[in-house]
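All remarks here apply to the structure that follows.
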Amino acid sequence: MRWSQAFIPTLRDDPADAEAASHKLLVRGGFIRQLMAGVYSQLPLGLRVHAKIEGIIREELAKIGGQEFSLPSLLPSDILEKSGRIGVDVLFSLKDRHGATACLGFTHEEIFAWLARELRSYKQLPQIWFQFQTKFRDEERPKSGLLRVREFVMKDSYSFDATSEGLDYAFQQHFEAYRKIFERCGLDTLAVEASSGSMGGSESIEFMVETTAGEDWVVSCAACGYAANVEKATSLLGPISDEAGPEAPEKFATPGVHTIEEIAAFEGGAPADCQIKTLVYVVDDQLTLALLRGDHALVEQKLLDGTGATAARPAGADEIQGALGASAGSLGAVGVSDLRVVADPALTGRKNLVTGANEDGFHLRGVSMERDIRVDEWMDLREVTEGEACPLCEAELAVRKTAEVGHIFKLGTKYSEALGAQVLDKNGKQVPIIMGSYGIGVGRAMAAIVERWNDDNGIIWPVNVAPFEVVVTVVNPKDVESSEAGQRIYEQLLGDGIDVVLDDRDERPGVKFKDAELVGIPYRITVGPKGLANGKVEFFRRRGAEKRDVDVHKAADVVQNAVLEERR
RNA sequence: CGGGCCGUAGCGCAGCUUGGUAGCGCGCCUGAAUGGGGUUCAGGAGGUCGGGAGUUCGAAUCUCCCCGGCCCGACCA
């Protein structure tokens, strides 16, 4: 490719609406352009990177026996009705000319399970099927460029097994394949335990990349490697010994006091860790009190996971008033018998605590969990915070902001049962196929790579995913000797299968250097009259900005070796 | 879904308070010089001021409605 003929629309300024580094750089570098909120066009450079990431994924999935498919994006609604996912809020749906409802696929469990109906015998298993396909999700809030979008290409694979051991194996194979994929993409991932959410299934692992532009918090332990999404993470807490306290709770007036902090500061109150935080939630239509230690925060996903519910929302002011006769800020679970009460284990055995009296302007002190509160279920509900002790090794935990680039699920039989994908087992009995599903957002991975690999001058692509591996920059294209030398190096590299671009533009050298660095090409050979006078060209490595002169006749070999060494 | 901000040339912005027929920087085109880090000079092209309605002699500017985008929070398969 000659740069002078290429469509690489680089921009001097950051786009006004970009915040994340990857968003700014991918737009400025001429990789992507936004069409509408959360919808982007891939320009030639973007598509090159995209294709390289796909190539890596293909190779690794081939190693574990994956077979590539391409399923439709336009789906009939009845197939989603069978699995119950027709009501999913991110689903885009539309009507055809006959008035029938069709949907745009947001993932393809149903369709693959539908095809898996043609599997008849356990002897045909296991199978691993995958595709790269555009997914549509009507996200409430697209943001951060390619990190959170409404239309994106996802690699989704699905495993089909007759036994749960088979699923475990497929899951493990994917785990290892994902590790290699992300490593080859230049991404350090943290594999974390995650909540499976409404995907169903028993176990899931997310692959997270640390970045300030991410949206998920991950708890990790540097000492033993424990890592989990905050939705799932736990930690050890130091013991607290409470004074015995009074025989029975004592009501006291707390005019105008509504928050944990205010009670902590209130004369006759108690520090936050000696209070009970009472939250009222509507959990699958059931009014539920969730109790936490005053200084702890609720993780809604834990409430969902713990209760097995599919939806939870904070109760409204009138729902709270109707159920407890008081408003938020004066609530408590003492004496509550007609509502479900769930409590976090950090409250176990605690006594002499302060909580609301269910009467505006009053609280109770001397409350004992065991004696005064009827807890229906104890379940982990609290959010782990930085510095707490690792549940495995007791070292200090870190909490980091990350973006999810991959997710693997053990689905079980939810979709195979819903769609009737069964095989005969060894005993001649019909059994539902056991499925796993495994996703990687290709565009998101691309953005994550840029988040990780950039500096003030632009992107620093790892060779494996770089749009071009080498740029040959001709300093002065009007200098015939330079042009010819550049051309020769370019052609040699091309002939040797290196992804090379010849920057033959009639631009000032500074412009060409800046562009090459912004775009992030890992290696540059600079050909100019000064060097050629001594038979030299300049070799430049983008990462680390290493520069050295090399003999003009050896230049192509030198870069080629450097590139091949880094290709993995 | 709550809160905030923004839509004026390809990109980044000013002009709007106080209405008078649109401007700056970069980019782009032509020519010349220059050629190892966004060079310089001269000339030039490019805008239904997001859309619609209204007020007015006159609207980028004032009013109303609509559309779109960004950020924070909530949510997220």
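When only modelled atom types and interatomic distance are considered, A/D504 and A/Q5 share no side-chain donor-acceptor pair under 3.5 Å. A/S157 and A/H174 form a side-chain donor-acceptor contact under 3.5 Å, judged by distance and modelled atom types alone. No side-chain donor from either of A/N476 and A/S482 sits under 3.5 Å from a side-chain acceptor of the other.
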Show every donor-acceptor pair shorter than 3.5 Å between a side-chain atom in residues 549-556 of chain A and any protein atom, with sequence neighbours excluded, or say none if there are none.
from   : atom 1 : to     : atom 2 : distance (Å)
A/D551 : OD1    : A/H553 : N      : 2.9

### Query
What is the per-nucleotide protein-contact pattern of nucleotides 23-36 of chain B, from the 5' end, where B denotes a base atom under 4.0 Å from a protein heavy atom, S denotes such proximity for sugar-phosphate atoms only, and - denotes neither?
--BSS------BBB
### Query
Could you write nucleotides 42-52 of chain B as a row of B, S and -, 5' to 3', where a protein heavy atom under 4.0 Å of any base atom gives B, of only sugar-phosphate atoms gives S, and otherwise -?
-----------
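A/S144 comes within contact range of the sugar-phosphate backbone alone, with a heavy-atom separation under 4.0 Å but no base atom that close. Within the 4.0 angstrom heavy-atom criterion, no nucleotide atom of any strand lies near A/D479. Residue A/R313 is classed as having no contact, given no heavy-atom separation below 4.0 Å to the nucleic acid.
Across all strands shown, B/A32 pairs with B/U40; the Watson-Crick or G-U wobble distances both stay below 3.5 Å. Checking B/U48 for Watson-Crick or G-U wobble geometry (two distances, each under 3.5 Å) identifies no partner in any strand. As the counterpart of B/G54, B/C62 is assigned, both hydrogen-bonding distances of the Watson-Crick or G-U wobble pattern falling under 3.5 Å. Checking B/G2 for Watson-Crick or G-U wobble geometry (two distances, each under 3.5 Å) identifies B/C72 as its partner. As the counterpart of B/C26, B/G10 is assigned, both hydrogen-bonding distances of the Watson-Crick or G-U wobble pattern falling under 3.5 Å.
In this structure, NZ of A/K135 is placed 16 Å from P of B/A77, rounded to the nearest angstrom. Summarising the geometry, the separation between CD on A/E19 and P on B/C5 is reported as 17 Å, rounded to the nearest angstrom. When the P atom of B/C75 is taken as reference, atom CG of A/D216 falls 12 Å away, rounded to whole Å. One can place CZ of A/F92 at 15 Å from C1' of B/A77, the figure rounded to the nearest angstrom.
Under the ring pair (Phe, Tyr, Trp, His ring centres under 6.0 Å) criterion, A/W129 pairs with A/F69, A/F160, sequence neighbours left out. Scanning for salt bridge (Lys or Arg N to Asp or Glu O under 4.0 Å) contacts around A/E231 gives an empty result, with sequence neighbours left out.
When the nucleotides B/C1, B/G69, B/C71 are ranked by their closest atom to the side chain of A/R150, B/G69 comes out on top. Side-chain proximity of A/D17 to the nucleotides B/A77, B/C76, B/C70 is greatest for B/C70. Set against B/A77, B/G69, B/C13, the side chain of A/A16 has B/C13 as its closest nucleotide. Of all nucleotides listed (B/C72, B/C11, B/G38), B/G38 comes nearest to the side chain of A/V511.
Remark: the separation of the P atoms in B/U30 and B/C49 is 30 Å, to the nearest Å. As rounded to the nearest Å, B/C6 and B/G46 have C1' atoms that lie 24 Å from one another. Rounded to a whole angstrom, the distance from the C1' atom of B/U21 to that of B/G15 is 14 Å. Between B/A74 and B/G3, the two P atoms lie 16 Å apart (nearest whole Å). Atom name C1', nucleotides B/C65 and B/G20: the rounded distance is 27 Å, in whole Å. Rounded to a whole angstrom, the distance from the P atom of B/G38 to that of B/G27 is 12 Å. Distance check on atom C1': B/U8 versus B/A59 gives 14 Å, rounded to whole Å. One C1' atom belongs to B/A60, the other to B/C13, and the distance between them is 15 Å to the nearest Å.
One finds the CZ atom of A/F152 at 7.5 Å from the CD atom of A/E139 (value rounded to the nearest 0.5 Å).
Take the nearest nucleotide of RNA chain B for A/T10 and for A/M36: the residue whose nucleotide is more 5' is A/T10. Annotation: of the two residues near RNA chain B, A/N457 and A/A37, the 5′-most nearest-nucleotide partner is A/N457.
The aromatic ring centres of A/F468 and A/W3 sit 6.0 Å or more apart.
Using a cutoff of 4.0 Å between basic side-chain nitrogens and carboxylate oxygens, A/D380 and A/K232 are not scored as salt-bridged.
Legend: ring-ring contact (aromatic ring centres under 6.0 Å, His included) pairs involving residues 10-29 of chain A, not counting sequence neighbours, sorted by first then second residue: A/H23-A/Y40.
Here A/K143 reaches the OP1 or OP2 of B/C72: one of its side-chain N or O atoms lies under 4.0 Å away. One finds no side-chain N or O of A/Q34 lying less than 4.0 angstrom from the OP1 or OP2 phosphate oxygen of B/G68.
Within 6.0 Å of the CG atom in A/D285, the count of heavy atoms belonging to other residues, nucleotides or ligands does not exceed 12.
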